[in-house]
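Data first, discussion second: the structure below is written as structure tokens.
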Protein chains: 2
Amino acid sequence: MRMSRKCDYALRSLILIGLDPHDGYHNIAEIAQAEDIPPKYLEQVLLALKNAGILSAKSGPNGGYRLQKDPAEIPVLDIVRLIDGPVAPARCVSRTAHEKCPRESICGLRPVLAEVRDAIAKILGDMTLADVCRKASAAKSG
Amino acid sequence: MRMSRKCDYALRSLILIGLDPHDGYHNIAEIAQAEDIPPKYLEQVLLALKNAGILSAKSGPNGGYRLQKDPAEIPVLDIVRLIDGPVAPARCVSRTAHEKCPRESICGLRPVLAEVRDAIAKILGDMTLADVCRKASAAKSG
DNA sequence: ATATTCCCTATATAAGTAATAGACAATAAG
DNA sequence: CTTATTGTCTATTACTTATATAGGGAATAT
């Protein structure tokens, strides 16, 4: 049931970027150092976020990444799905990557798996990047 | 966030065994065929369930496995944890395999991950093998 | 022009999952 | 007491996915 390290990298990067009050650009080297992430790996992660329209990027000196959307409009669920794929515990109950299973109609397991999927999707879907940043900010100062 | 195939095998086997009204022994070959699982792999799975005290086994002709405990006393959560390990989306919020993280106190992500863990544990913890068997049985006849 | 930074794809390495194999022990029945 | 059946246990292999590294190229600022 675990989230990948890659996804953790993505979320932590987004929090760091989202916490910047000036909405400036943050480059790979900076984020990699701050969050202790292998830079070339982080590159792939940020690129994916950029290609998904969550970050925008600028090349050249003082370039880097910044948020493309309002953090309040970015559910954590979107990031998890983007990086890790479906949140459902099994393909047979996945909304985003459903795979038909011949046992579907007689499977006693399906309902409980669907319930798990719904719970995860609800929690991660309701929580936005803005929320997460707020928590992080509060924890730092408080 | 996905459950392994191995765990799926375990749960399906338990449902098959739990559905037997006579509480008789079910051998590997039989279950493997009924559920379309590689027999030698299933062997490992059933052995783990037996060593965990969920199944009991008998060697020899007409031997096999049967439930050791009342299915109403077997939460699905126990099986998932046994086969797949912690259900938490990250080690830093795991109850069964907690790993300390230096960022713990300032991490904005932790609360939401903990919430996900709690939701999964609640759903899988409340649902017993008996419940799942009941659903399977209803689906078959209805 | 040049230095900086992102873009993209390919490849390597490590870890985890799934499956196979085989020698051994227990049990039941002839 | 021999044989067939079935579980026990550990090792090994194959496969898949996750993680990380590498490097040539394009965009941008000075």
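Any value given below was found using the heavy atoms of this structure, including those in side chains, with hydrogens, waters and symmetry copies removed. Keep in mind the model is a prediction, meaning the values are calculated, not measured.
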Atom pair distance, as rounded to whole Å: [atom1] in [X] and [atom2] in [N]:
X       : N      : atom1 : atom2 : result
A:Asp36 : D:dT19 : CG    : P     : 15 Å
B:Glu30 : D:dG7  : CD    : C1'   : 14 Å
B:Leu42 : C:dT17 : CG    : C1'   : 16 Å
A:Tyr41 : D:dA18 : OH    : P     : 9 Å
B:Leu47 : D:dA11 : CG    : C1'   : 14 Å
B:Ile83 : C:dA19 : CD1   : P     : 14 Å
B:Glu43 : C:dA25 : CD    : P     : 16 Å
A:Ile31 : C:dC6  : CD1   : C1'   : 12 Å

task = May I ask you to verify whether the side chain of B:Gln44 and the base of C:dT20 hold a donor-acceptor pair under 3.5 Å?
result = yes
Side-chain contact, heavy-atom cut-off 4.5 Å: [X] with [Y]?
X        : Y        : answer
B:Arg110 : B:Glu104 : yes
B:Ile54  : B:Leu82  : yes
A:Pro86  : A:Arg91  : yes
A:Ile120 : B:Ile120 : yes

Among the candidates [options], find the nucleotide nearest to the side-chain atoms of [X].
X       : options               : result
A:Lys58 : D:dT21, C:dC8, D:dA29 : D:dA29
A:Ser59 : D:dA27, C:dA18, C:dC7 : D:dA27
B:Lys40 : C:dC6, D:dT19, C:dT20 : C:dT20
B:Ala57 : D:dT19, D:dA11, D:dT8 : D:dT8
B:Lys6  : C:dT5, C:dT20, C:dA18 : C:dA18

key: Under-4.0 Å side-chain N/O to phosphate OP1/OP2 contact, B:Asn27 with D:dT6   = yes
inquiry  = If you compare every side-chain N and O of B:Arg5 against the phosphate oxygens of C:dA19 (OP1, OP2), does one of them come in below 4.0 Å?
reply    = yes
Mind checking if [X] touches a base, just sugar-phosphate, or nothing, with heavy atoms under 4.0 Å?
X       : answer
B:Ile28 : sugar-phosphate
A:Pro61 : base
B:Tyr9  : sugar-phosphate
B:Tyr65 : sugar-phosphate

Partner of B:Leu67 by side chain to side chain contact (heavy atoms under 4.5 Å, CB included), out of B:Leu49, B:Leu55, B:Asp20 = B:Leu55
query = Starting at the 5' end of DNA chain D and moving along, which residue's nearest nucleotide shows up first, A:Met3 or B:Leu46?
reply = B:Leu46
request  = Say whether, by atom type as modelled, one donor and one acceptor occur between the side chain of B:Ser13 and the main chain of B:Tyr9 under 3.5 angstrom.
outcome  = yes
message = By nearest heavy atom, map A:Arg2 and A:Ala29 onto DNA chain C; which one lands nearer the 5' end?
response = A:Ala29
